[in-house]
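Here the structure comes first, spelled out in structure tokens, and everything after it is commentary.
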Amino acid sequence: MKLNPAQEQAVTYVSGPCLVLAGAGSGKTRVIINKIAYLIKKCDYQARHIAAVTFTNKAAREMRERIAQSLGKGEARGLRISTFHTLGLDIIRREHKILGLKPGFSLFDDQDSLALLKELTEDEYDGDKDLLQQLIRRISDWKNDLITPDKAIGLAQDPAEREQAELYGRYREHMIAYNALDFDDLIMLPTLLFATNQEVRERWQNRIRYLLVDEYQDTNTSQYQLVKLLVGERARFTVVGDDDQSIYSWRGAKPQNLVLLGKDFPQLQLIKLEENYRSSGRILKAANILIANNPHVYDKTLRSNLSYGESIKVISANNDEHEAERVVATLIRHKFMNHAKYKDYAILYRGNHQSRLFEKALMTNRIPYKISGGTSFFSRAEIKDIMAYLRVLVNPEDDNAFLRICNVPKRGMGPATLEKVGHLANRKNISMFAACFDSEIEQRLPPQAAETAMVFARWLVELGDRAERGDTIAALRDLVREINYEDFLYDTSPSPKAAEMRMKNVSELYKWITAMVEGDELEDPMTLKEVVTRLTLRDMMERNNEDEELDQVQMMTLHASKGLEFPYVFLVGAEEGLLPHQSSLDEGNVEEERRLAYVGITRAQQELMFTLCKERRQYGELNRCEPSRFLLELPQDDLEWEERKAPPTAQERNTKGKTNIAALRAMLNK
DNA sequence: GGCAGATCCCTTTTT
DNA sequence: GGGATCTGCC
């Protein structure tokens with residue numbers, strides 16, 4: 001496939017820092033793939049000196065597959081393609097000594113962190129969920145801004161913030177005691193390390209000599225700093241991004257980093273990709289008109305080189321259940337008329353909970369579907385159990401994991417026993433696991449309980465030895481067998497069928513671990529320690545992607561849809577309060593919601609269908625709904641409102657238009 | 001210590 | 001409306 005002139009320029013400009021502004025569907029992944037190949041084949045870069053960074057595992061996997069196709073396997077050897085977080089993990093793993101971490105550190109996911117913070121704040125917050133949520137958010141913001149607890153305390157403006165900063169400090173101390181890291185640490189630690197340690201920084205600069213960053217608009221402060229420190233003075237890098245697709249500001253992403261880049265690297269080469277190869281002219285026009293309501297730093301207009309296409313449908317339904325039925329009915333008819341496949345259709349929604357009714361409607365009609373995201377594999381209880389066992393094996397300091405498993409299945413270590421073990425651990429400043437071996441344990445616990453704890457701990461040590469010494473996979477199999485996990489599942493599941501499902505999940509996990517331990521052409525074999533941290537990042541290569549070949553309707557959130565494309569798209573729940581989401585309206589962040597709508601629209605290749613309800617059930621209550629303002633912002637001549645729902649009057653459109661322009665002005669004046 | 005029923009809170013998006 | 005957590009009874 002030939003590149004267009006702008007793409008060609010983006011690929012071959014390698015002599016300095018390069019920013020590629022890539023509109024939706026303008027072939028940015030292609031540019032990255034081609035550029036990597038160009039660097040290796042034409043510029044004498046070795047694959048192992050090139051790193052490409054993405055935000056999601058999915059994107060990384062896709063890139064890996066496509067690069068494997070265009071390069072020989074040998075040529076791609078050593079090429080780093082990973083998410084920011086996996087790159088951070090790699091760095092930490094290699095530099096863990098300097099960072100003061102013991103090998104086999106645990107990675108806490110959100111739930112783990114939440115549990116720890118909940119415990120730490122019991123006195124202060126007394127179980128107030130709101131305050132807890134604020135604290136978590138605050139800590140994450142601090143970490144994303146590279147602010148340590150000491151600094152946070154210094155910066156505190158009021159007593160409440162001071163308290164948060166102190167809790168942040170306690171949280172960090174406990175994490176250190178557990179030999180554990182959270183997601184934000186994966187970026188913050190390497191960045192701080194590079195910032196303060198020249199030798200390490202230079203080592204990594206030497207290791208990564210050309211850096212490519214995908215979805216650059218999603219970087220937060222610490223990620224941007226990491227990029228800057230990695231590229232150093234040499235400044236050999238390419239970042240690809242689109243400010244109109246910035247939809248992650250809620251987790252600290254700073255689209256302003258696009259502007260900062262120009263300031264920090266005055267020699268920055270700016271290249272715009274404005275030719276869209278994905279969507280019909282009409283869909284693209286709608287997207288352009290919608291996003292024109294947002295302020296812009298760099299102007300950019302996407303041009304379609306496809307035909308104008310079908311009109312955009314707006315389907316209205318009486319209520320949310322009806323909405324799902326209408327989508328399914330429309331889909332069935334449309335599929336028949338167009339000889340399409342199920343996998344050509346995507347149902348995109350704002351929040352995960354919306355998937356449920358569609359799932360139900362699809363199921364009753366026997367239509368195969370696949371939900372991406374949502375309750376992930378790794379949040380299932382059985383997977384968390386086994387993972388917790390592995391975490392303790394790998395990192396005995398991990399009290400959280402220990403607590404999860406010490407009585408699963410029941411082995412007589414109930415709350416009373418645990419409380420005493422916990423106290424002992426606390427007083428002696430050792431892990432609970434270590435406390436099970438402590439000389440005092442026999443004085444503190446009733447003989448039976450002390451015996452149980454010691455037997456359990458000894459068994460763990462012995463199993464850990466087995467895994468360490470020889471056959472990791474056999475040890476894993478032993479683990480599941482020796483705790484009688486299967487029986488446990490049958491005892492605790494509501495039905496034998498559910499138990500069977502859960503056991504299947506365990507086997508699936510087992511399969512992934514086996515694959516990772518053994519390695520393959522692209523990935524080196526890993527130790528159990530590595531596997532455990534990697535799995536918390538969910539960075540398995542999804543070897544079971546036979547799924548993708550299956551003919552299934554695709555369902556996902558708008559966020560999850562970024563980077564994907566589908567012939568026919570249903571954008572459901574186009575209502576005030578849902579698509580501009582109420583909480584965003586409250587925070588005055590309509591622009592990000594508009595970008596989210598923009599992302600959804602630009603996923604569609606041939607046809608786009610919006611749906612909305614007159615009323616919707618929320619928290620069990622029935623509420624009236626208004627059409628999304630974004631629908632009113634679209635070019636009405638290109639919309640086809642279905643059913644009795646009248647299109648908006650000229651007046652309605654005018655008022656909407658005026659408020660928007662006023663808002664836009666206010667924004668620009670700021 | 002385990003289970004059924006009651007109660008509570010929630011739903012924005014993710015590595 | 002539904003999943004997670006608590007309560008009170010066995």
Side-chain angles (χ1 to χ4, degrees), chain A residues 53-60 82-89 107-115 118 127-130 132-133 136-137 140 143-144 181-188 215 218-220 222-223 245-253 319-321 348-357 360 372-376 378-379 381 407 409-418 491-492 494 533-539 556-563 573 577-587 589-590 592-593 595-597 599-600 616-623:
Chain A
V53 181
T54 65
F55 275 84
T56 64
N57 293 310
K58 207 173 179 178
S82 66
T83 64
F84 260 106
H85 289 86
T86 308
L87 175 64
L89 180 63
L107 230 194
F108 274 23
D109 65 17
D110 294 348
Q111 289 178 52
D112 300 319
S113 302
L114 180 82
K118 202 168 167 186
D128 187 323
K129 286 231 169 115
D130 234 33
L132 187 58
Q133 213 52 53
I136 289 169
R137 182 68 179 273
S140 182
K143 289 193 174 189
N144 288 334
L181 303 175
D182 63 23
F183 284 145
D184 295 324
D185 289 331
L186 295 184
I187 313 294
M188 179 167 109
E215 307 282 12
D218 291 337
T219 50
N220 61 35
S222 60
Q223 285 161 338
Q245 293 187 68
S246 160
I247 53 176
Y248 285 106
S249 71
W250 50 272
R251 67 166 197 217
N319 55 52
D320 44 358
E321 209 167 331
L348 308 181
Y349 36 80
R350 175 68 237 258
N352 273 311
H353 62 283
Q354 286 171 269
S355 68
R356 135 170 251 103
L357 287 171
K360 195 173 137 200
S372 321
T375 317
S376 90
F378 283 89
S379 51
N407 212 24
K410 302 251 173 306
R411 55 171 69 82
M413 287 181 80
T417 308
L418 283 177
D491 289 345
T492 54
T533 41
R534 276 296 267 276
L535 280 179
T536 308
L537 270 182
R538 298 154 198 202
D539 188 20
M556 66 195 78
T557 64
L558 287 163
H559 283 88
S561 76
K562 193 164 71 149
L578 236 197
L579 186 39
H581 194 275
Q582 190 55 48
S583 42
S584 295
L585 293 176
D586 296 342
E587 286 164 27
N589 195 5
V590 195
E592 180 142 316
E593 297 290 309
R595 290 193 289 268
L596 204 45
V599 165
R616 177 180 294 276
R617 183 156 244 131
Q618 281 164 317
Y619 313 109
E621 251 179 306
L622 215 52
N623 292 320

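By convention in this document, chain letters (A, B, ...) are assigned in the order of the sequence lines, proteins followed by strands, and residues within each chain are numbered from 1. Keep in mind that what you see is a predicted model, and the values were worked out from it rather than measured.
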Under-4.0 Å side-chain N/O to phosphate OP1/OP2 contact, A:T557 with B:dT14: yes
Side-chain N,O (A:N352) to OP1/OP2 (B:dT13) below 4.0 Å: yes
Euclidean distance, atom NZ of residue A:K143 to atom P of B:dT15 [Å, nearest integer]: 18 Å
Whole-Å gap separating C1' (B:dT13) and CD (A:Q582): 16 Å
Rounded interatomic separation in angstrom, taking OH from A:Y349 and C1' from B:dT12: 13 Å
Whether A:F84 and A:F55 hold their rings parallel, tilted or perpendicular, with breakpoints at 30° and 60°: tilted
5′-ward residue of the pair A:E593/A:T417 relative to DNA chain B: A:T417
A:H581-A:S583 side chain donor-acceptor pair, cut-off 3.5 Å: yes
Closest to the A:T83 side chain, choosing from B:dT14, B:dT12, B:dT15: B:dT15
Side-chain N or O of A:H581 closer than 4.0 Å to phosphate OP1/OP2 of B:dT12: yes
Letter per nucleotide, 5' to 3', of nucleotides 1-10 of chain C [B base touched, S only sugar-phosphate touched, - untouched; heavy atoms, 4.0 Å]: BSS-------
Separation of the C1' atoms in B:dT12 and C:dT5, to the nearest angstrom: 23 Å
Sugar-phosphate only, base, or nothing, as touched by A:Q133 at under 4.0 Å among non-hydrogen atoms: nothing
Integer-rounded Å distance: B:dT11 C1' and A:H559 NE2: 14 Å
Side chains of A:N589 and A:E593, donor plus acceptor under 3.5 Å: no
Considering all heavy atoms, the nearest A:D185-A:K143 contact: OD1-NZ, 2.8 Å
Residues that A:L132 engages under side-chain contact (heavy atoms from CB on, under 4.5 Å), provided they are two or more places apart: A:L114, A:L117, A:K118, A:T121, A:I136
Nearest-angstrom distance from the residue atom NZ of A:K562 to P of B:dT14: 12 Å
base_contact_polar (B:dT13 base, A:W250 side chain, donor-acceptor, <3.5 Å): yes
Residue A:D110, side-chain atoms from C-beta onward, closest of B:dT13, B:dG2, B:dT15: B:dT15
Euclidean distance, atom CZ of residue A:R350 to atom P of B:dT11 [Å, nearest integer]: 13 Å
Any residue meeting side-chain hydrogen bond (donor to acceptor under 3.5 Å, both in side chains) with A:Q618, in chain and number order, not counting sequence neighbours: A:N623
Nucleotide of B:dT14, B:dT15, B:dT12 approaching A:H85 most closely (side-chain heavy atoms): B:dT15
Integer-rounded Å distance: B:dT13 P and A:I247 CD1: 12 Å
Within-4.5 Å side-chain heavy-atom neighbours: A:Q223 and A:V53: no
Short side-chain to backbone donor-acceptor contact, A:S355 and A:N352, under 3.5 Å: yes
Separation of B:dT15 C1' from A:L186 CG (nearest whole Å): 8 Å
Touch class at under 4.0 angstrom, heavy-atom based, for A:F84 against every strand present: nothing
